[in-house]
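Inspection log for the structure reproduced underneath, given as structure tokens.
Proteins come first, then strands; the chains are lettered A, B, ... in the order of their sequence lines, and each starts at number 1. These numbers were taken from a predicted model, which means no experiment stands behind them.
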Amino acid sequence: MNEIRYVAATGALGVGVDAEALEQSLDLRPHFIAADAGTTDAGPFALGSGSAAFPREAVKRDLARVLVATRKANIPALIGSAGTAGGDPHVDWVLDIAREIAEENHLSLRTAVIRSEQNRDYLLGLYREGRVRALDPAPEIDETVFSRSARIVGMMGVEPLQAALDAGADFVLAGRCSDPALFAALPTLRGLPPGLAWHAGKVTECGTMACEGPRGGVITATVREHEVILRPVGEGLRCTAQSIAAHSLYENAHPYLHKECSGILDLTHSKYTAIDDVSVRITDSGFIPSSDYTVKLEGAELVGYQSIMIGGIRDPFILRRLDQWVAEVRAYIYGAVARILKLNPPDWSLTVHVYGRNAVMGAMEPNASEMPHEVGIVVEATAATQELATKAAQLARQPFLHHGAPEWTSGTTSFACLHNPAHIDRGAVYRFNLNHVAVPRTKMEMFRTEFVQLGARPL
Amino acid sequence: MKLAELASLIRSKNAGPFVLTFDIVFPDDESYLRAKESGALTIARFAELFRCEEKHVLFFECDNARAFKFSIPRPIVQGNLGDGDMHGGQQFIPLMDIEIR
């Protein structure tokens with residue numbers, strides 16, 4: 001029977017790989033072990049700055065467990081969206097960690113390194129040919145978006161991964177990658193139906209988050225012609241028809257249609273059936289091939305540099321007219337920064353978050369008129385350089401401290417600063433600037449693969 | 001009965017940096033159908049609760065997951081200046097108090 005069995009080692013490389021469960025999962029005789037290592041969920045900083053969201057030690061611990069297990073079983077390991085954002089510095093960072101692991105554990109790894117960071121001029125060329133299309137909702141862009149970006153990555157589908165597996169890679173280290181593609185690559189390469197293969201990938205890419213029960217453990221999938229079987233390995237973990245169905249909705253705007261490079265995963269008719277206490281069968285998932293091959297772009301650009309100040313207000317006379325009080329303080333600070341630093345918006349900005357009020361939900365907060373007995377305030381000064389942002393934050397302190405309530409006859413100190421110095425320099429701040437797809441001329445041209453040997457070759 | 005008492009899971013989350021998505025999941029068919037047939041969960045109600053335009057709200061009734069899903073464009077793009085919820089995880093609270101008859 002044609003089937004592919006695999007293990008998803010963790011939902012995010014760096015969060016933890018359950019060593020015992022991973023060892024136990026080898027009893028399934030998996031054809032590969034894979035783990036996603038990236039996300040935009042932490043925000044634009046990783047992509048913009050070229051750094052990772054997890055410490056090196058945590059990624060090394062998890063990756064070592066995956067690489068040692070796959071060498072033991074003589075099967076390939078796949079890691080996607082390396083180093084959080086999957087740009088070239090992120091891939092290089094994980095490659096360096098993998099080299100260290102190979103040497104320390106005497107592993108020989110024929111490694112396919114697949115890069116997905118995009119050349120700005122190449123993208124500009126696609127844009128001018130009408131080969132960059134907006135998703136909904138998307139920021140307005142023009143030609144300058146490419147040169148403004150600190151970094152842009154393209155999200156690969158299964159094709160570059162399959163080429164690497166076909167070429168006999170022990171370890172596929174991929175830049176930015178569709179999470180389910182990492183798991184769908186081998187099953188679809190072996191001719192299994194794409195609907196089931198992609199659906200299995202969609203459920204397993206978050207690790208055991210699709211299961212009920214405690215955290216930890218690993219999740220395994222068996223992809224066959226007419227079904228996928230999902231089964232967790234780990235004490236107390238169970239897949240239920242509902243946990244798998246509910247996870248299929250997770251983190252997507254549409255519950256049933258999931259856009260990938262080569263088509264749309266269609267879960268409209270998917271059926272979920274419990275086959276024992278911990279395992280679930282999926283059937284009837286479809287895949288609608290697209291006429292155009294599209295690659296999702298993710299870009300981040302520098303907003304500026306930031307300095308922040310944290311404090312609180314307890315005085316009920318201020319709290320009962322807080323909005324007005326904040327507006328007066330802000331106006332005063334903008335004036336002072338204009339006079340002293342000769343700086344005006346949009347060259348700098350002051351953002352005020354009022355915790356206890358509406359800092360979490362902003363304009364969507366339904367209870368903004370309810371005033372608590374104290375509020376926490378975070379003030380963000382953002383400017384073109386750190387020096388200017390720091391000076392603006394320094395100029396913000398006195399106005400917050402000494403804008404009292406008119407009910408008091410003499411000056412009070414109206415703002416409880418948390419720190420000295422009151423400001424904290426945050427460094428560079430980035431923003432996401434693309435929600436677009438590219439339509440490359442060929443499926444492979446946006447991704448570059450090179451083979452490297454990690455660890456000594458066996459004699 | 002309030003939705004939070006009837007549902008087994010109410011959550012919000014980023015669906016990429018530009019979209020917020022809300023899932024409401026029920027423990028059994030009875031509670032799911034009760035919520036569905038109550039007519040309390042609609043695009044109009046959601047738009048009112050979250051102060052957004054109805055035309056921007058996507059709404060799905062997912063029978064096989066015993067779940068409802070709403071999706072809206074993020075009012076502030078994830079991580080832009082002013083965004084107070086990087087992961088979009090704490091936006092579901094107004095759904096909790098919806099009265100289901």
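Proximity of B:V19 to A:P137: side-chain heavy atoms (C-beta onward) are separated by under 4.5 Å at one or more points. Looking only at side-chain heavy atoms (C-beta outward), B:L81 and A:Q306 come within less than 4.5 Å of each other. Using a 4.5 Å heavy-atom threshold, the side chains of A:M364 and B:L20 count as touching. Within the 4.5 Å cutoff, the side chain of A:H247 has no heavy atoms near those of the B:D23 side chain.
In this structure, the ring-ring contact (aromatic ring centres under 6.0 Å, His included) partners of B:F50, at least two apart in sequence or on a different chain, are B:F22, B:F46. Listed by chain and residue number, A:N252 satisfy the side chain to side chain donor-acceptor pair (under 3.5 Å) test with A:H258 (two or more places apart in sequence, or in another chain). The ring-ring contact (aromatic ring centres under 6.0 Å, His included) test applied to B:F92 returns no partner, not counting sequence neighbours.
No donor-acceptor pair under 3.5 Å is formed between the side chain of A:E380 and the backbone N or O of B:G82. Not a single donor-acceptor pair under 3.5 Å links the side chain of A:E251 to the backbone N or O of B:A15. Between the B:Q91 side chain and the A:V360 main chain, a donor and an acceptor come within less than 3.5 Å of each other. Side chain of B:N64 to main chain of A:A245: no donor-acceptor pair is present (N/O by atom type, distance under 3.5 Å, no hydrogens or angles).
Heavy atoms closer than 4.5 Å to chain A are found in the backbone of B:E61, but not in its side chain. Neither the backbone nor the side chain of B:D28 comes within contact range of chain A; no heavy atom of the residue lies under 4.5 Å from a heavy atom of that chain. Heavy atoms of A:L350 lying under 4.5 Å from chain B are absent altogether. Contacts of B:F26 with chain A are made by backbone atoms alone, with heavy-atom separations under 4.5 Å and no side-chain atom involved. Looking at A:I244, there are no atoms closer than 4.5 Å to chain B (heavy atoms on both sides), in backbone or side chain. For chain B, the nearby part of A:A363 is the backbone; its heavy atoms alone come within less than 4.5 Å. If you measure heavy-atom distances from A:S349 to chain B, the contacts under 4.5 Å come from the side chain alone. Residue A:P366 touches chain B through both its backbone and its side chain, counting heavy-atom pairs closer than 4.5 Å. For A:Y430, the part lying near chain B is the backbone, with the side chain staying farther off; criterion is any non-hydrogen pair under 4.5 Å. Contact of A:T382 with chain B is made through the side chain alone, with heavy-atom distances under 4.5 Å. With a 4.5 angstrom heavy-atom cutoff, A:E365 touches chain B only via backbone atoms.
Nearest heavy atoms, B:M86 versus A:P44: SD-CD, 4.5 Å. The two residues B:Q78 and A:D41 have their closest heavy-atom pair at NE2-O, 2.9 Å.
The candidate from B:S12, B:A67, B:S71 with the greatest count of non-hydrogen atom pairs under 4.5 Å with chain A is B:S71. Among A:V378, A:T268, A:L434, A:D136, the residue making the largest number of heavy-atom pairs under 4.5 Å with chain B is A:L434. Taking B:G79, B:G88, B:C62, B:P73 one by one and counting their heavy-atom pairs under 4.5 Å with chain A, the maximum is reached by B:C62. Highest contact tally toward chain A, considering only B:R74, B:H56, B:R66, is held by B:R66 [criterion: heavy-atom pairs under 4.5 Å]. Interface summary for chain B: among A:L249, A:V303, A:T351, the most heavy-atom pairs under 4.5 angstrom belong to A:L249. Counting heavy-atom pairs closer than 4.5 Å to chain A, the top-ranked of the candidates B:D85, B:N14, B:D83, B:L9 is B:N14. Your options are A:A246, A:P255, A:G43, and the one with the most heavy-atom pairs under 4.5 Å with chain B is A:P255.
Close approach to chain A, defined as a heavy atom under 4.5 Å from one of its heavy atoms, is seen in no residue of residues 29-38 of chain B.
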Task: Verdict with supporting geometry, A:R431 and B:V77, side-chain contact (heavy atoms from CB on, under 4.5 Å) - done: CA-CA 8 Å; A:R431 68 183 186 95; B:V77 172; over 6 Å; no
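Within 6.0 Å of atom CZ in B:F18, more than 12 heavy atoms from other residues, nucleotides or ligands are found, so the atom counts as buried in its surroundings.
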